[in-house]
Structure formats: structure tokens, C-alpha cells
Amino acid sequence: MANAKIAVVVAILALLQVSSIAVARRQGKAGPSLRGGDGGGIPAVMTVNGFQKGEEGGPSECDGAFHSDSEHLVALSTRWYANGHRCHKKIRVTSTRNGRSVEATVIDECDSRHGCKDNVVDASKAVWEALELNTNVGEVPVTWSDA
């Protein structure tokens, strides 16, 4: 009798564990994506970057090409760039100043080993404009998450 009760309790606990994992995955709180614990995203500093030929850096790390600054594009700090695993994937960038959000495509690395801070979303002018932020400010607080 005691063994049967223990077996029932163990079965119930196992079902609760499985269902909580399934709920977390549906809500985006589990799995390989990088998300903020409260759904608000990962805190970062957004800087301005030019992705066209003749601007700050060279061609994109993701595809070796230059891209138009009129596209919603970002370079992520080395840790977040994840050895190119986020190449051509969308992220959601949200301004902590005005709450506006935009989706942007990761096309480059902001190399934290060579001058880029470890918490940077380096964004095209188009991202700044979509968030209604002034590029002359240079750095603004944002959050980001996988889209």
C-alpha cells in the first residue's frame, strides 16, 4: 500500500515537471534562444554602425558583403554573436526610453576582443529611425531578444 502511494506521488511529480517544461517552451523561456527572464529582453547599449562600403568597418562577418544602412541591420557583441550562430537571424530591439520595438537582422559581429564592449547592439541608421531615436546621441539603452 505504501509503495503504491509513493508510486502515485512520483508519477504526479513527473507529470508536473513535464508540463512545466512544455509551458516554459511555449512561452519562450526555455531552449537555445537568448531571452530576458521577464520577457523584456537582454539589457544592452545600442550604438550606430554603418554597413555600407567605405563606412566604419569592412564587409559583414556573416556573408562577406556590404549592406545598405536603410535596412534594419545589427552587429552583436562577440558573446551574443555566438560564433555566427545568429547570422541572418532576426532579433527584436526595444528602446528603454520610449518602448518602441523593431526587428533587425544580425549580419555582423561587434568584436569584443578588439574594442567593442561586451553588451553592444551596433545598429544601422534605419534601426535608430524605426525606434525614433537620434543617431547623434551615439549610445542609448535598449533591450533585445531573439525574434
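Along the sequence shown, the residues carry numbers beginning at 1.
- Counting all heavy atoms, side chain and backbone alike, Arg92 lies closest to Ser101 at NH1-CB, 3.3 Å.
- Side-chain contact check for Arg97 versus Leu131: every heavy-atom pair is 4.5 Å or farther apart.
- Contact check on Arg79 versus Asp118 returns a salt bridge, with a Lys/Arg side-chain nitrogen under 4.0 Å from an Asp/Glu carboxylate oxygen.
- Put simply, the side chain of Asn49 does not reach to within 4.5 Å of the side chain of Leu73, judged on heavy atoms.
- Val120 and Val106 fall into different hydrophobic clusters, where Ile, Leu, Val, Met, Phe, Trp and Tyr residues are linked whenever their side-chain heavy atoms come under 4.5 Å apart, directly or through other members.
- Contact detail for Asp63 and His88: the closest heavy-atom pair is OD2-CE1, 3.5 Å.
- Using a 4.5 Å heavy-atom cutoff, the side chains of Glu61 and Tyr81 are in contact.
- Qualifying side chain to side chain donor-acceptor pair (under 3.5 Å) partners for Ser77, counting only residues two or more places apart in sequence or in other chains: none.
- The side chain to side chain donor-acceptor pair (under 3.5 Å) test applied to His72 returns no partner, not counting sequence neighbours.
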Could you walk me through whether Val127 and Met46 pass the side chain to side chain contact (heavy atoms under 4.5 Å, CB included) test, one step at a time? CA-CA 10 Å; Val127 171; Met46 188 171 75; 3.9 Å; yes
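- For the pair Lys117/Ser112, no side-chain contact is recorded, criterion being any heavy-atom separation below 4.5 Å from C-beta on.
- Residues Val74 and Trp144 form no side-chain contact, since every pair of their non-hydrogen atoms from C-beta on lies 4.5 Å or further apart.
- Side-chain atoms of Thr47 and Asp122 include a donor-acceptor pair closer than 3.5 Å.
- A 4.5 Å side-chain heavy-atom check between Trp80 and Ile42 finds at least one atom pair inside the cut-off.
- The shortest distance between side-chain heavy atoms of Asp146 and Lys89 does not fall below 4.5 Å.
- Sorted by first and then second residue, the disulfide bond (SG atoms under 2.5 Å apart) pairs with a member in residues 104-147 read Cys110-Cys116; sequence neighbours excluded.
- When the shell of 6.0 Å around CG of Asn134 is examined, it contains more than 12 heavy atoms from other residues, nucleotides or ligands.
- Listed here is the closest heavy atom pair of Val121 and Ala44: CG2-CB, 3.9 Å.
- Annotation: the span from Gln52 atom CD to Asp69 atom CG amounts to 4.0 Å, rounded to 0.5 Å.
- If you take SG on Cys87 and CG on Leu76, they are separated by 9.5 Å, rounding to the nearest 0.5 Å.
- Counting heavy atoms from C-beta outward, Ile107 and Glu71 have side chains that stay 4.5 Å or more apart.
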